> 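What follows is a structure written as structure tokens; I'll ask about it next.
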Amino acid sequence: MSSAMAEITCNAGDGIWSASDEALIEHVVGHADRLGVFRRSDVRLSRVARTRYAYVVFDRTHRRNLDLVNAYADRIGLRLLGRFGQFDYINTDQVILRALALAKALGAAP
Ligand SMILES: Cc1cc2nc3c(=O)[nH]c(=O)nc-3n(C[C@H](O)[C@H](O)[C@H](O)COP(=O)(O)OP(=O)(O)OC[C@H]3O[C@@H](n4cnc5c(N)ncnc54)[C@H](O)[C@@H]3O)c2cc1C
């Protein structure tokens with residue numbers, strides 16, 4: 001057995017968000033089948049999950065608000081790390097690099 005995950009980006013409340021699980025599964029499985037990614041007949045189990053706050057969204061006050069939070073965290077001696085900790089749109093590789101750098105800065109043994 002193998003597993004596959006398809007991600008559809010949308011806004012809470014829009015047409016995609018409100019579509020039925022069956023319609024979303026059909027959309028993904030139908031396209032995967034037509035494109036030759038995998039065969040419909042091979043699918044044993046499907047599940048849909050909706051995540052309301054999945055991405056860091058940059059708005060016009062992003063920089064100002066982030067500077068405020070960073071300055072506050074700094075003041076109380078809190079070290080921030082990660083996509084949601086730093087509210088920075090980074091992927092797993094960057095999270096790991098930053099975690100290693102922070103561990104080093106905090107004096108962890110190499
Ligand atoms: C929809 C989506 C798709 C993504 N796709 C990719 C991709 O294709 N490739 C890629 O490299 N990256 C991808 N990412 C990004 C990747 O998942 C993140 O960059 C990475 O997981 C962030 O790691 P993190 O440690 O910052 O946060 P997380 O992985 O979110 O870890 C934070 C942890 O802290 C826990 N936590 C939160 N609050 C508390 C608390 N008060 N007490 C104790 N624990 C707490 C949470 O439960 C969670 O386990 C994606 C992210 C999302 C949301």
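Just so we're clear, the structure is a prediction, and the values are computed from it rather than from any experiment. As a basis for the values below, the full set of heavy atoms in this structure was taken, side chains included, without hydrogen atoms, waters or symmetry mates. We count ligands from 1, going down the list as the structure has it; atoms in each ligand are counted the same way.
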> Quick one: salt bridge (charged side-chain N to carboxylate O under 4.0 Å, His left out) partners of R40, sequence neighbours excluded?
E26
> So if I only count non-hydrogen atoms and take anything under 4.0 Å from ligand 1, which residues does that give, chain by chain?
E7, A54, Y55, G82, R83, F84, I90, N91, T92, V95
> In plain terms, say whether R50 and D21 are close enough for a salt bridge, that is, a side-chain N and a carboxylate O under 4.0 Å apart.
yes
> Testing the basics here: between T51 and W17, what is the closest heavy-atom pair and its distance to 0.1 Å?
O-CZ3, 3.8 Å
> Between R44 and S41 (side chain of the first, backbone of the second, donor and acceptor by atom type, cut-off under 3.5 Å), is there such a pair?
yes
> Measure across Y89 and R83 and return the closest heavy-atom pair with its distance rounded to 0.1 Å.
CE1-NH2, 3.2 Å
> For R64, does its backbone N or O pair with a side-chain atom of T61 as donor and acceptor, under 3.5 Å?
no
